[in-house]
Amino acid sequence: MKVVLITVGKVKAPFGEADAHYRKMLQRHQPVDVIEVRDEVNIEGRVPTRAHVIALDRGGRALSSKAWASWLSERRIDAQDLCFLIGGPGGLSAESLRLADERLSLGPQTMAHQLARVVLLEQLFRATKILAGEKYHQ
């Protein structure tokens, strides 16, 4: 199963170091490719064919860490590639949200889009550790 993040904008300090850290840690369990686009107009053409598309949206379904692991396990069983969409400073437009098969939330608070990228990577890392039966802190 391939996991791709399509993000609006390039990661910048202070988030770049955390982004690289979690992507490196994920390599062992679930490599993640990141595609950075300049603006939302470029998202649609970058979504992999037949991927299950997930929009990060404050109004989406929020998951606990264990629920993330369960969700990821179900996607692995489906053997379908995953494509996460992360918008820019204003979030995702209605047009980009229509590309999604589902919407997930990182919580009800508003956060910087680059921080959302790091939080998503961290949650994917935590989920892979749970699925691998490795220790993680709650």
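Fair warning: this is a prediction, and the values are worked out from it, not measured in the lab.
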What's the shortest heavy-atom distance between [X] and [Y], and which atoms?
X: Val8; Y: Gly87; answer: CB-C, 3.8 Å
X: Ala112; Y: Phe15; answer: CB-CZ, 4.5 Å
X: Ala55; Y: Leu97; answer: CB-CD2, 3.7 Å
X: Ile54; Y: His52; answer: CD1-O, 3.3 Å

Is there a path from [X] to [Y] through hydrophobic residues (I, L, V, M, F, W, Y) whose side chains come within less than 4.5 Å of each other?
X: Ile6; Y: Tyr22; result: no
X: Val119; Y: Val3; result: yes
X: Ile35; Y: Met1; result: no
X: Leu115; Y: Leu124; result: yes
X: Leu56; Y: Trp71; result: yes

Check: For Gln27, does the CD atom have more than 12 heavy-atom neighbours from other residues, nucleotides or ligands under 6.0 Å away?
Finding: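 Correct, the count exceeds 12.
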Report task. Could you list all the side-chain hydrogen bond (donor to acceptor under 3.5 Å, both in side chains) pairs where at least one residue sits in residues 56-65, not counting sequence neighbours? Result ->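 Output for this query lists Arg58-Thr110, Arg61-Glu102, Ser65-Gln123.
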Discussion item. Is there a side-chain contact (heavy atoms from CB on, under 4.5 Å) between Met111 and Leu106? Walk through the geometry before answering.
Written reply: CA-CA 9 Å; Met111 68 177 75; Leu106 299 175; 4.1 Å; yes
Checklist entry - Taking the side chain as C-beta and beyond, is there a heavy-atom pair between Trp68 and Leu104 under 4.5 Å? => result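 They are in side-chain contact.
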*Go through the structure and list residues passing side-chain hydrogen bond (donor to acceptor under 3.5 Å, both in side chains) with Ser105, not counting sequence neighbours.*
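With neighbours one apart ignored, the set is empty.
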With sequence neighbours excluded, residues passing side-chain hydrogen bond (donor to acceptor under 3.5 Å, both in side chains) with Asn42:
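Listed in chain order: Asp39.
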All side chain to side chain contact (heavy atoms under 4.5 Å, CB included) counterparts of [X], not counting sequence neighbours:
X: Met25; value: His21, Phe125
X: Asp19; value: Val11, Arg23, Arg117, Val118, Leu121
X: Pro48; value: Val4, Ala51, Cys83
X: Leu99; value: Ile43, Glu44, Leu85

Note to self: I need the Ser70 OG to Leu131 CG distance, nearest 0.5 Å.
What the structure shows: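 Interatomic distance, Ser70 OG to Leu131 CG, rounded to 0.5 Å: 8.5 Å.
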query = What is the distance from atom CD of Glu36 to atom CG of Leu5, rounded to the nearest 0.5 Å?
reply =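 Going from the CD atom of Glu36 to the CG atom of Leu5 covers 10.0 Å.
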Verify, without hydrogens or angle tests, whether Gln30 (side chain) and Thr128 (backbone) share a donor-acceptor contact under 3.5 angstrom.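 Not at all, since once roles are kept as given, no pair shorter than 3.5 Å links the two residues.
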message = For the residue pair Glu40 / Ser96, report whether a side-chain donor-acceptor contact shorter than 3.5 Å exists.
response =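 Looking only at side-chain atoms, Glu40 and Ser96 do form a donor-acceptor pair, the distance falling under 3.5 Å.
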- Check salt bridge (charged side-chain N to carboxylate O under 4.0 Å, His left out) between Glu95 and all other residues, then give those that pass, not counting sequence neighbours.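 Per chain and number, Glu95 pairs via salt bridge (charged side-chain N to carboxylate O under 4.0 Å, His left out) with no residue.
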* Name all pairs fulfilling the ring pair (Phe, Tyr, Trp, His ring centres under 6.0 Å) condition that reach into residues 28-49, sequence neighbours left out, sorted by first residue then second. =>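 Residue pairs passing ring pair (Phe, Tyr, Trp, His ring centres under 6.0 Å), neighbours aside: none found.
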Open item on the list: Enumerate the salt bridge (Lys or Arg N to Asp or Glu O under 4.0 Å) contacts for residues 72-81, please, sequence neighbours excluded, ordered by first and then second residue.
Closed with: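 Every salt bridge (Lys or Arg N to Asp or Glu O under 4.0 Å) pair that includes a residue of residues 72-81, provided the two are not neighbours, is Arg75-Asp78.
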